[in-house]
> 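Structure provided below as structure tokens; questions to follow.
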Amino acid sequence: MKLLILNGVNLNMTGRREPGVYGTQTLEDINAEIAAFCKARGAQCEFYQSNLEGEICTKIQSTDADGIVLNAGAFTHYSYAIRDAIASVRTPVVEVHMSNVHAREEFRKTSVLSPVCRGTVFGFGKNSYILAAESFLL
Ligand code: DQA
């Protein structure tokens, strides 16, 4: 089992931006924990982050992973391009958010990605990624 852990816009700033919302660990720290979690369960992980919508689409189209854990960041709320990329492949995608998007601003309550994802995990900080990865390993 190989998983792609895919992060979108501004997630490279994790640990430095809004630490009260997203924590103080960097994306690299979090990815190391996800890698250890997957390795202990015999799964392989690949990590990719981009601030560019089209690069996220290309990665979704070209991955050889068995599943994708996707935190698209703000793209979640308006990117029909990423939505269509997800719909165009057979690879299952689990949508992730570290924060509880339903307890924040109104615009965060809309995800244009959710209807084409297998499921969504939100509100558990870095553990949202771990829980999403686990969903592929059950
Ligand atoms: C986020 C929530 C989004 O609304 C926001 O734009 C992000 C991060 C999260 O992980 O909680 O960049 O996806």
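Both counts, for ligands and for their atoms, begin at 1 and track the order of listing.
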> Could you give all pairs that pass the side chain to side chain donor-acceptor pair (under 3.5 Å) test and reach residues 36-45, with sequence neighbours left out?
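Non-adjacent pairs meeting side chain to side chain donor-acceptor pair (under 3.5 Å): zero.
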> Clusters formed by hydrophobic residues whose side-chain heavy atoms approach within less than 4.5 Å: which one holds Met1, and what are its other members?
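Its cluster partners, ordered by chain and number, are Leu3, Ile5, Leu11, Val21, Tyr22, Leu27, Ile30, Ile34, Phe37, Phe47, Val69, Val94, Val96, Met98, Val121, Phe124, Tyr129, Ile130, Leu131, Phe136, Leu137.
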> Using only atom types and a distance under 3.5 Å, with no angle test, would you say the side chain of Asn71 pairs donor to acceptor with the backbone of Asn7?
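Side chain of Asn71 to backbone of Asn7, a donor-acceptor pair under 3.5 Å: no, none is there.
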> So, the side chain of Thr76 versus the backbone of Gly73: is there a donor-acceptor pair under 3.5 Å, distance only?
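Yes, because the side chain of Thr76 sits within donor-acceptor range (under 3.5 Å) of the backbone of Gly73.
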> Should side-chain heavy atoms under 4.5 Å link Ile, Leu, Val, Met, Phe, Trp and Tyr, which residues sit in the same cluster as Tyr78?
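Listed partners: Leu4, Leu6, Val9, Tyr48, Ile56, Ile60, Ile68, Leu70, Phe75, Tyr80, Ile82, Ile86, Val89, Val93, Val112, Leu113, Val116.
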> Is there a donor-acceptor pair under 3.5 Å between the side chain of Asn31 and the backbone N or O of Glu28?
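Checked: no pair found.
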> Students should find this: residues with any non-hydrogen atom under 4.0 Å from ligand 1. What is the answer?
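Within the 4.0 Å shell of ligand 1, which is judged on heavy atoms, sit Arg17, Tyr22, Asn71, Gly73, Ala74, His77, His97, Met98, Ser99, Val101, Arg108.
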